[in-house]
Amino acid sequence: MLRLAVCDDNRLFLQEMKEALEADERVEEVALYENPEHLMETIGKRQKEFDAVFMDIEFDKEESGIRCVKELFRYAPQMQLIYVTGYHDKYIQQIFLADANPAGYLVKPPDRKLLGQYLDKICKRKETKNVFTFSVRGKKHIIAADRVLYLESNNHRVSIHTEEETYSVYGKISDFQKQLPSSFIQCHKSFLVNMNRIRYMEGNDLCFSDGRRVPVSKIHQERVRKSYFLHLGQTI
């Protein structure tokens, strides 16, 4: 079941979206927000978690929806985002520059058939989300695999780097790779990276949104580059 949010400053559109989404049996909840600040506060304080957000781009003639998604991505990087606009291709270039997890681009008024297709996509992405299990000093940790930025091997220890913290465990990086989804790729004998979390490639480095970088060894460069751009094309 899907938990969704719609953020738009037009109350009539909010109600129209609520009715359309709730008519689908896969939707459990639709929360409505008239301003992005309220939505950011709700998600930032972990008051609610959503599988996806339908975000209007323009509030009071400003692109505040695009600015908002950068904060939303920081709070909830797994949450899917569908931009909503009444201006067709006016913002098509800007939306892919923001740090986010874009799942689509919906033009007002919403086409119900297209809306259903987006729900199909959201469900499919949600179903493929995996969890990652490991132990630190005898304590078992279970986290969403997509929270992991990369794994780093050093001697007999593996550091699991997330945006918030780093876990250090005994083991081999090859053993951890077996339980991770296909979005993880080895780019160096000491590094295993999550392609979902790569912001861009620069030179021989894979770069993340928070400024961290992971090197790509010469032997892996061609394979990593091809895999990353293929993965990018499949997820936008």
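In this chain, numbering begins with 1 at the start of the sequence shown.
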**Student:** Do the charged groups of R3 and E29 touch, with an N to O distance under 4.0 Å?
**Tutor:**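 A salt bridge links R3 with E29.
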**Student:** In this structure, are over 12 heavy atoms from other groups packed under 6.0 Å from E222 atom CD?
**Tutor:**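 Atom CD in E222 is not packed in, count stays at 12 or less.
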**Student:** Below 4.5 Å, heavy atoms only, C-beta onward: do N10 and D56 meet side chain to side chain?
**Tutor:**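 The answer is no, as the side chains (C-beta and beyond) never meet within the 4.5 Å cut-off.
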**Student:** Taking the side chain as every heavy atom from C-beta outward, state whether L119 and R26 have any pair of such atoms under 4.5 Å apart.
**Tutor:**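 Side chain of L119 against side chain of R26, heavy atoms only: contact under 4.5 Å found.
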**Student:** Carefully, step by step, assess Q186 and H220 under the rule side chain to side chain donor-acceptor pair (under 3.5 Å).
**Tutor:** CA-CA 8 Å; Q186 188 160 10; H220 292 297; 5.2 Å; no
**Student:** If the threshold is 4.0 Å, N to carboxylate O, is there a salt bridge linking R212 and D210?
**Tutor:**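 D210 and R212: salt-bridged.
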**Student:** Would you give the length of the straight line joining atom OH of Y170 to atom CZ of R137, rounded to the nearest 0.5 angstrom?
**Tutor:**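 Y170 OH to R137 CZ: 9.0 Å, rounded to 0.5 Å.
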**Student:** State, with a plain yes or no, whether a side-chain heavy atom of P110 is found less than 4.5 Å away from one of F13.
**Tutor:**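 Side chain of P110 against side chain of F13, heavy atoms only: contact under 4.5 Å found.
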**Student:** Counting N and O atoms only, with roles assigned by atom type, does the side chain of E22 sit under 3.5 Å from a partner on the main chain of V30, one being a donor and the other an acceptor?
**Tutor:**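 Absent.
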**Student:** If I take atom CD1 from residue I82 and atom CG from residue L106, how far apart are they, to the nearest 0.5 angstrom?
**Tutor:**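 The CD1 atom of I82 sits 7.0 Å away from the CG atom of L106.
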**Student:** What is the minimum heavy-atom distance between S135 and K140, and which atoms define it?
**Tutor:**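 Scanning both residues, the minimum pair turns out to be OG-CA, 4.0 Å.
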**Student:** Would you please name every residue forming a side-chain hydrogen bond (donor to acceptor under 3.5 Å, both in side chains) with N35, sequence neighbours left out?
**Tutor:**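 With sequence neighbours excluded, N35 shows a side-chain hydrogen bond (donor to acceptor under 3.5 Å, both in side chains) to no residue whatsoever.
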**Student:** Would you say the ring centers of Y150 and F208 fall short of 6.0 Å from each other?
**Tutor:**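 Aromatic pair counts; centres sit under 6.0 Å.
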**Student:** Which atom pair, heavy atoms only, marks the closest approach of L39 to A5?
**Tutor:**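 Smallest interatomic distance, heavy atoms only, reads CD1-CB, 4.2 Å.
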**Student:** Nearest 0.5 Å please: distance from the SG atom of C207 over to the CZ atom of R197.
**Tutor:**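 If I round to the nearest 0.5 Å, the distance is 14.5 Å.
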**Student:** Just how far is it from atom CD of Q15 to atom CG of D8, taken to the nearest 0.5 Å?
**Tutor:**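 Reported value, rounded in 0.5 Å steps: 11.5 Å.
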**Student:** Evaluate the side-chain proximity of V216 to F191: yes if any heavy-atom separation is below 4.5 Å, no if none is.
**Tutor:**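 Of all side-chain heavy-atom pairs linking V216 with F191, none is under 4.5 Å.
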**Student:** Could you check if a side-chain atom of M17 sits within less than 4.5 angstrom of a side-chain atom of L4, using non-hydrogen atoms only?
**Tutor:**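 They are not in side-chain contact.
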**Student:** L149 versus N194: any side-chain heavy-atom pair under 4.5 Å?
**Tutor:**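 Counting from C-beta outward, L149 and N194 never come under 4.5 Å.
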**Student:** Is the shortest side-chain heavy-atom distance between I185 and Y228 below 4.5 Å?
**Tutor:**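 Result no, sub-4.5 Å side-chain heavy-atom pair not found.
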**Student:** Got a sec, which residues hit salt bridge (Lys or Arg N to Asp or Glu O under 4.0 Å) with E202, two or more places apart in sequence or on another chain?
**Tutor:**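 Listed in chain order: R213.
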**Student:** State whether the number of non-hydrogen atoms from other residues, nucleotides or ligands found under 6.0 Å of I219 atom CD1 is greater than 12.
**Tutor:**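 No - once you tally the heavy atoms of other residues, nucleotides and ligands closer than 6.0 Å, there are 12 at most.
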**Student:** Rounded to the nearest 0.5 Å, what's the gap from CG on N204 to NE2 on H188? Could you check?
**Tutor:**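 Between atom CG of N204 and atom NE2 of H188 there are 10.5 Å.
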**Student:** Contact between T162 and Y167 at the side-chain level, heavy atoms closer than 4.5 Å - yes or no?
**Tutor:**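 In short, these two side chains touch, coming nearer than 4.5 Å.
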**Student:** Tell me the closest heavy-atom pair linking F54 and I122, and the distance in Å.
**Tutor:**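 Heavy-atom minimum between the residues: CZ-CD1, 4.4 Å.
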**Student:** Please assess F184 against V148 for the test side-chain contact (heavy atoms from CB on, under 4.5 Å), listing each intermediate value before the final yes or no.
**Tutor:** CA-CA 9 Å; F184 283 78; V148 180; 3.8 Å; yes
